[in-house]
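Naming: A, B, ... by sequence-line order, numbering from 1 per chain.
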Amino acid sequence: MSIDLISLALFPALLGLAIAALNVRDLLAAVFLLSAYSFLTALLMAHMGAVDVGFTEASVGAGLTGVFFVMAIARTSRRSGD
Amino acid sequence: MTTSLVFAGLVLSPIFGALLIVVLALNNARRAQILALLSLAISLGAAAAGIEACRDGGVLSYSYAGWTAPIGIEARLDGIAAALAMLIAALATGVCLYAGRSLRAELPRDIPAFYAMSLLLVAALQGMTTTADLFNLYVFLEISSLSAYALIAIGGGAASLASFRYLLIGTVGASFYLLGVAFLFALTGSLNAHEIATILQRTPPSAALNAGLALLTVGLGLKMAVFPMHGWLPDAYTYAPSATSALIGGVMTKVSALALLRVLYAVFAPGQAELLPAVTTVLGILGAAGIVFGSVMALAQRDLKRLLAYSSIAHLGYIAVGISLGNATALAGAVFHMLAHGLAKATLFLVAGGVVYRFGRRNLDSLAGLHRTMPLSTAAFVVASLSMIGIPPTAGFFSKWYLMIGCLEAGRTDLFVLVVASTLLSAWYFLRLFEAIFFVEPPKPRTRDELPTAMLLPVGAAAAAILALGLGNQFAIGELIEPTPLLQALGQLVAR
Amino acid sequence: MIESWTPALAVLTPCLAAAVVLRLDRMPNIRESCSLTAALLLFFQVLSLLPTENATIQTPPLAMLPGVALQLRVDFFGAVFATLASALWFVTTLYSIGYMRALNEHAQTRYFASFAAAVGATIGVAFSANLLTFYLFYELLTFATYPLVAHKETEVALVASRKYLTYTLGAGVVLLGGMGVLYAETGTLDFRPGGIAELESVAPTAQYFIFASLIIGFGVKAALLPLHGWLPSAMVAPTPVSALLHAVAVVKSGVFGCVRAIAFVFGADTLTTMGASDLLAYLAAATILFGSTVALSQDNLKRRLAYSTISHLSYIVLGAALLTTTATAGAVLHLVSHAFLKITLFFCAGAIYVTTGKDKISQLAGIGRRMPLTMGAFAIGSLGLAGVPPLNGFISKWYLCLGSIQSGHTPLAVVLVVSGVLNIAYLFPVVYTAFFESSDEFDDYGEARIEMLAPLMLTALACIVFGLWPDAGNGPLSFAELIARSVQ
Amino acid sequence: MDIAAALAGRFEYVMTSALIVVGLHGMLSKQNLVKQLIGLNIMQTAIILLFISMSVQTGGTVPIIEKGTANVVYMSPLPHVLMLTAIVVMVATAGVAFALLIRIHARYGSLEEGELLGRTR
Amino acid sequence: MIPPYDSVTVRTVAKILIPLIQVFALYVVFHGAKSPGGGFQGGAILGASLILARLTAGPGVSVHYLPGTSALRLGAVGVLIYGVVGLLSLFGGAAFLDYSALPLPGAHEDELHAIGIEAVEVGVAVAVACVMLSIFDDLAPTERPYRQGR
Amino acid sequence: MRPPAYLALGLLSGLLLYAVAALPPLRNPDSPIRTGVERYFVENAVEDTATPNIVSAILADYRSFDTFGETTVVFTAGLACYLLLGRREEGESGK
């Protein structure tokens with residue numbers, strides 16, 4: 001069968017994380033959810049055979065972007081109106 | 001080797017210039033400016049060599065890293081690209097010369113990094129102009145966008161917010177473009193524009209192809225600020241430092257327009273995607289709407305730079321109309337309008353910067369008596385305005401002329417009437433400026449106080465270039481633009 | 001054909017003069033002498049360029065579009081117009097000096113510079129070898145005269161100048177559209193005596209479109225009936241401006257363009273098949289009657305003259321539209337004679353205004369006693385416009401009447417005669433008021449200063465000379481006949 | 001045509017498309033600038049995922065060639081390369097966006113669209 | 001605002017951890033030709049280790065290495081390394097970045113390519129690591145307010 | 001969110017579904033990307049570059065210009081942040 005189970009499980013999780021990240025009012029929480037989203041993406045990439053890309057996404061996308069997000073939030077405000 | 005040097009001079013020299021500025025001159029504006037001018041001089045030379053090589057239909061093809069087209073990345077310079085490359089290099093040189101004084105007046109401190117950033121922008125635009133690889137185009141698109149965001153945001157005040165909006169919209173545009181590339185790549189397995197075009201010849205039309213076309217058009221349309229995707233433009237141009245406005249307003253949108261032109265007519269050879277006629281039709285309608293909208297909004301502005309920004313939207317409408325018509329005459333008109341409008345708008349923004357430099361304000365009232373304070377700048381301003389209105393022998397007239405004839409050739413009488421009649425619209429808002437300059441007495445009498453030479457020189461040179469381009473349009477169009485294979489494939493210039 | 005850059009030099013002379021004038025802001029005397037010198041120089045330049053039967057001077061073409069170049073050519077018609085403009089420029093400059101200094105006007109530098117630029121553009125219009133060149137100078141003329149109309153910088157002047165620009169730029173736009181279609185259909189924009197032959201085979205819709213756009217484009221400056229609105233408002237300009245620009249340069253450029261469009265773009269053959277020329281002729285006739293009638297009710301002297309101008313410009317259009325040799329000759333002649341007559345009248349109006357501050361006809365009772373020379377010149381101008389022999393107005397009107405009867409349009413001849421009567425009706429009361437009504441209001445006034453008096457005497461004299469000897473000075477009459485024969 | 005079946009065979013494509021739409025919806029509907037940025041990030045990541053999905057091959061292995069093996073099916077390497085670039089571009093864009101956010105906050109004291117609008121006018 | 005992290009445990013752990021991470025990063029960079037990894041990944045990890053050092057030591061202290069603009073300058077040097085490799089081949093008579101024209105005598109063409117790839121990866125790693133650190137420094141909160149334009 | 005935004009979003013979703021259904025299916029050995037340039041990379045990467053990791057080979061050799069651009073993107077971002085927030089000029093004490 002053309003659909004493997006890992007994809008079948010990870011994609012809905014991704015969708016859930018994305019929606020959650022967008023709808024949490026605490027921005028710090030949103031950023032952690034986004035990092036989790038990125039990390040799951042990285043997993044999925046690795047699973048799809050793109051180890052290099054997964055590696056990069058994990059270190060750059062989930063890691064550094066997350067850190068930058070936190071920095072930016074620390075210097076601005078943590079609450080979001082929506 | 002010569003080919004190598006042309007591309008290296010165009011694209012690499014500004015990048016290296018930027019790097020060297022950061023390494024050597026990050027705290028010395030003067031040294032940074034000199035380095036920038038040096039690397040731009042190389043760029044100018046390369047552009048001149050490129051024009052020489054591309055006369056009468058010549059095309060320079062170059063494979064980066066020595067791997068030929070489908071494997072590696074190919075760069076191509078045809079007459080159109082060479083003309084645009086020259087415009088970019090020349091305008092950037094002028095702006096870098098100008099920025100020294102102007103930035104110091106508009107910003108609280110010297111910023112040597114400005115030069116590095118402008119060089120990166122220039123390199124990226126040259127890269128977009130010359131590349132034949134769709135993904136490479138994306139990379140350069142992003143470099144140009146990032147540097148543009150930064151260059152706009154240093155303007156202070158609302159500039160950051162304007163820049164952030166531009167960032168969101170611009171990134172969405174770039175993402176759409178990337179998505180379109182994804183579809184094309186999935187369908188053809190290639191990223192090279194010419195190879196894709198060849199493969200598409202034998203690919204049956206499909207929904208994915210149509211979607212790819214639509215996404216590419218929307219993505220580039222967002223970057224090009226075609227109405228109604230122009231939302232980011234007015235604020236960005238208004239709040240940016242004038243030097244930035246001149247550079248970005250002069251060339252940036254044009255490069256995206258050129259990319260769009262290539263996608264529509266070089267990648268999707270006519271008739272390949274079912275959606276192509278619909279896309280061009282919609283583009284024509286949007287362009288026409290943009291002309292009217294931009295001009296009417298420009299009429300309502302009190303802020304000089306915002307007025308110029310809205311006029312940009314109108315003139316991008318002309319380019320969009322030219323692209324949408326798709327015959328050789330109209331495309332030549334569109335390309336020539338990129339050059340003409342680029343020069344004219346840059347001149348206008350440079351003079352606007354001069355007004356800010358002298359009076360610290362930029363509303364229309366501050367223009368009063370400008371012809372006494374800055375007679376030479378005013379003369380340049382008038383020349384550029386006449387070009388924007390479309391009065392011969394300035395360049396703007398000829399681009400409008402080719403667009404008109406292109407409309408007739410395509411049998412679009414409605415667009416013809418619009419293009420012709422819109423002259424009056426743009427005349428109206430420029431006349432408001434003339435009236436503000438010549439016939440309003442300034443609150444206190446002003447003595448002659450011309451801009452410093454470093455600022456006046458680019459202004460004058462740009463104005464002279466407008467006239468030269470108009471008088472020499474037979475060279476630009478007849479020997480450079482028209483013989484390019486892209487236009488030749490679409491037929492003769494003027495149907496007899 | 002002789003190729004030479006000398007016609008371009010003739011165009012450049014006034015433009016250079018404008019640039020020099022701008023630099024001489026602080027030295028009014030040198031500035032004015034510069035204007036005068038340039039005017040004289042230009043006049044002799046134009047004379048040296050006059051064509052002969054077998055040699056026409058033209059500049060080398062400067063290719064601009066495929067098949068179209070920027071080019072100047074001194075043909076007979078253009079030479080007549082250029083000579084007229086350059087001669088009257090000198091006279092008007094002299095007059096302007098008196099006028100501007102007497103009123104102590106502001107921004108005189110801008111005034112003289114714009115004036116010179118406008119004359120340069122007019123010479124360019126006269127010498128244009130094709131529509132593109134024509135369009136270039138036509139638009140330049142618009143921009144050069146804009147500061148003159150707005151000269152006073154009052155709200156009224158600014159509104160009038162906006163109106164002027166809207167009309168003329170609108171005209172430019174329409175003209176541009178017509179040029180576009182003409183070029184797309186025929187691939188050329190040249191002026192050719194007798195018309196562009198390719199135009200005959202063009203689809204009728206396109207033919208009508210081109211004709212209509214060209215006539216509207218030129219008709220605005222020529223103040224044809226529905227398009228005349230700007231002219232009376234533009235009378236807020238200083239009187240010398242009204243004199244030269246609104247009796248000679250601007251409006252005559254429009255008329256000149258109309259004649260070019262009729263005789264050099266379309267030609268009699270195409271127009272006859274189209275049947276559009278009759279329409280134009282009747283439109284012109286309507287304008288003649290309209291202008292004359294409205295002029296009757298104007299109390300402001302300059303406005304009365306403005307409406308008179310509207311009516312007389314249409315004489316010329318009418319003559320060209322009749323498509324016969326005699327009528328065309330009449331049109332060319334009227335172009336010249338009306339210029340001399342109307343400029344005399346405007347000079348008189350200006351002289352009165354400067355000396356007494358009066359600009360209403362009803363205020364002029366008895367002024368003829370104190371300013372006999374001025375009002376005498378005015379009387380000559382009035383008689384000339386009415387077509388009374390032996391003044392030059394009679395000759396042109398004679399040709400026009402003859403032409404309309406020859407071409408079978410007798411009603412038009414009647415219109416011309418009626419208009420002559422109306423001319424007397426609206427101009428003679430001025431003379432009557434000035435000479436035969438009495439008041440003691442002007443006891444303290446004398447003639448205007450010599451810089452103003454001399455020019456108006458000169459032009460009045462010219463009216464008589466050309467009336468008595470229409471071929472004086474290698475004369476307009478033979479030129480007019482040559483032109484008419486070449487195009488019909 | 002049986003679109004449902006066609007879509008079922010392209011599960012990854014459909015899901016990434018959904019993620020793109022979710023991200024864009026976030027950008028359009030949220031008032032907070034950070035949230036808009038999060039939406040942008042989600043959209044970009046989704047596009048990257050779409051590219052990667054393209055390269056999947058049944059039985060494919062990581063595109064690293066081992067000596068002495070033949071007839072191995074590899075995942076397509078080209079999309080991987082492109083997406084490496086895209087990820088870096090993404091983080092670069094985010095970095096610039098943060099710098100802008102900090103400036104905006106320093107000037108207006110807020111990152112809510114509605115409040116900003118009130119303060120710029 | 002992030003306070004300087006004044007916990008002895010954290011500092012000690014970080015002190016041990018950071019060199020380890022950096023060694024791993026170097027491995028990733030130089031082993032990129034044979035296994036997953038390369039300049040970007042290695043550079044990002046290297047950058048992360050530097051950022052970790054900044055975080056644990058607190059922003060006030062951590063400017064001891066790569067202070068001021070030197071991180072950005074070093075980043076530019078990284079890009080320059082890449083570019084110079086390209087220019088070497090350009091002036092060696094081939095296209096920009098065509099490694100087969102690198103002026104290294106006695107190496108086979110494929111070896112030249114491998115060397116070129118490694119050199120370029122080093123440039124990328126330096127650039128990414130330093131620029132990431134530079135961005136972090138810019139974004140990180142400090143006492144001094146940055147100067148805003150008018 | 002205003003109606004035009006909903007419209008745009010709806011259009012985009014429709015377009016994506018419509019397009020994705022027509023893409024070459026996943027895991028298809030005959031899809032164009034498999035038969036295009038990719039074959040060359042898989043077959044020649046080791047010979048050309050002596051680098052077993054094809055991704056590295058393409059990244060740093062075949063498409064090295066892209067990667068140069070990409071490094072420049074990173075550098076541009078760094079410079080942009082410095083330009084916008086830079087407060088670390090050397091010799092700042094003098095100012």
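Nearest heavy-atom pair, L80(E) versus F16(B), reported as atom, atom and distance to 0.1 Å: CD2-CD2, 3.6 Å. Considering every non-hydrogen atom in both R73(E) and L26(B), the closest pair reads NH2-CB, 3.2 Å. Here the shortest heavy-atom pairing between S63(B) and A95(E) reads O-CB, 3.2 Å.
Interface remark: I21(B) contributes no atoms to any contact with chain E (heavy atom separation under 4.5 Å). Contact of L74(E) with chain B is not made at all, since no heavy-atom distance falls under 4.5 Å.
Here the side chains of V22(B) and V79(E) are not in contact, with every heavy-atom distance at 4.5 Å or above.
One N or O on the side chain of Y62(B) and one on the backbone of F96(E) form a donor-acceptor pair closer than 3.5 Å.
Taking CD1 from I73(B) and CG from L97(E), the interatomic distance works out to 9.0 Å, rounded to the nearest 0.5 Å. The OH atom of Y64(B) sits 13.5 Å away from the CG atom of D98(E) when rounded to the nearest 0.5 Å.
Interface summary for chain E: among I15(B), L19(B), L24(B), the most heavy-atom pairs under 4.5 angstrom belong to L19(B).
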